[in-house]
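Here is the structure we will look at, set down as structure tokens.
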Amino acid sequence: MKELLRKLIQADTTSDKGELAAAQIIAAELGRSGIEPRIDSWDQTRANIIVHIKSAGQKAPLLFVCHIDVVGPGETAWSHPPFAAVESDGKIYGRGSADMKGGIAAIAATIRQVVDSGTRLQGDIILLCAAGEETDSCGVRRFMHESSWLSKPAGIVIPEPTDFAVVTAHRGMIWLKITTKGKAAHSSAPELGINAISSMRAFLDELDNYKIDIQPHPLLGSYSMSINTISGGKAMNVVPDQCTVGIDIRTLPGQNHKRIVNDLKQIFTRLKQQNLTFSAEVSVDRAVEAIETDPQCTFVREFCAVVGANETKAVGFTTDAPHLRPLGAPIVIFGPGKPELCHKPDEYIDISDLEKAATYYKNIILRFLA
Ligand SMILES: [Zn+2]
């Protein structure tokens with residue numbers, strides 16, 4: 001398991017490298033137990049891998065969903081190189097060790113163990129390791145597009161790093177780009193132009209007073225909004241004709257993304273009524289829905305019993321889970337690794353957590369499928 005994880009980290013799967021090499025590593029590992037996964041590959045380097053362990057078919061399948069891609073190492077220097085998979089102090093360091101190649105290594109090892117032991121299952125195990133979760137969820141969307149062969153799972157498990165908390169909710173996210181348009185002019189005569197940065201200032205002032213009307217969620221708290229990028233202006237002596245900001249809004253279950261966009265358009269209309277030269281547009285860069293599984297449903301209660309958890313929690317990050325909602329199955333996020341290490345330098349996973357995860361996944365498989 002440790003060796004599989006090290007190979008997976010060394011197969012850099014940042015978005016420009018793609019997932020194919022890592023998918024082949026997973027396939028080779030499972031092949032050692034006679035399992036033949038299907039690699040679905042496109043655009044030369046992109047890949048999903050789908051593992052289907054067939055059973056007597058008396059019970060609904062369990063679906064495990066991982067992602068193979070990782071985010072880049074970032075600008076800050078690491079104490080161990082990000083793709084070397086250095087082992088030290090009982091930990092493996094590297095990009096993806098926690099998010100979420102550790103989870104992949106653990107579930108792959110579990111599946112091998114179950115197959116090698118000859119356990120007769122009453123329901124199928126299905127594992128998807130998908131491409132592109134960190135960018136546009138292209139892998140899971142592709143899987144869902146061709147999922148008619150899949151019968152409704154008893155439950156969906158996402159082995160993202162939760163440090164073994166049973167997670168049933170995460171916020172959604174909508175990334176908006178707001179661009180104000182103006183008219184360029186020589187800045188010695190600014191009255192001949194329309195200053196897009198001034199228009200943006202008017203918009204941002206209005207945005208300060210904008211509140212989305214929604215009650216805080218018991219696990220997730222409030223929604224949040226943060227203006228994270230701004231660009232505009234070309235030269236010190238030119239009135240800027242364009243200014244763009246990027247806004248990240250983290251949403252709660254039930255919050256309608258379209259309504260947020262419409263609210264912003266209403267602010268534009270108001271500003272235009274006050275000043276006819278105001279012009280702005282909004283576009284959605286990325287949107288991920290929030291998820292919420294009923295913590296009292298049978299699957300979650302039994303899952304908690306198997307792993308010895310007495311409550312369910314929420315996480316701050318988003319996952320591919322919202323794309324799986326059409327399958328109509330309860331979704332639980334549960335895996336090894338500390339969520340606070342994700343996307344940061346010196347990401348690591350405790351080797352003992354890999355072992356622990358494999359034991360949990362085996363018990364989950366036996367509970368629901370044996
Ligand atoms: Zn992840």
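Atoms within each ligand, like the ligands themselves, are counted from 1 in listed order. Hydrogens, waters and symmetry mates play no part in the numbers below; they use all other heavy atoms, side chains included. All residue numbers in this chain count up from 1 along the given sequence.
- Under the 4.0 Å criterion applied to side-chain N and carboxylate O atoms, K17 and D12 are assigned as salt-bridge partners.
- Partners of T180 by side-chain hydrogen bond (donor to acceptor under 3.5 Å, both in side chains), not counting sequence neighbours: none found.
- In this pair, F334 and Y360 present their aromatic rings perpendicular. The plane angle is above 60°, beyond the 30 to 60° band.
- Note on L4 and M100: separate hydrophobic clusters, where clusters join Ile, Leu, Val, Met, Phe, Trp and Tyr whose side-chain heavy atoms are under 4.5 Å apart, directly or indirectly.
- Inspection of the environment of the Zn ion (ligand 1) yields the following protein N, O or S atoms under 2.8 Å: H67 NE2, D99 OD1, E160 OE1, E160 OE2.
- S88 pairs by the side-chain hydrogen bond (donor to acceptor under 3.5 Å, both in side chains) definition with nothing, not counting sequence neighbours.
- With sequence neighbours excluded, the residues forming a side-chain hydrogen bond (donor to acceptor under 3.5 Å, both in side chains) with R270 are E206, listed by chain and number.
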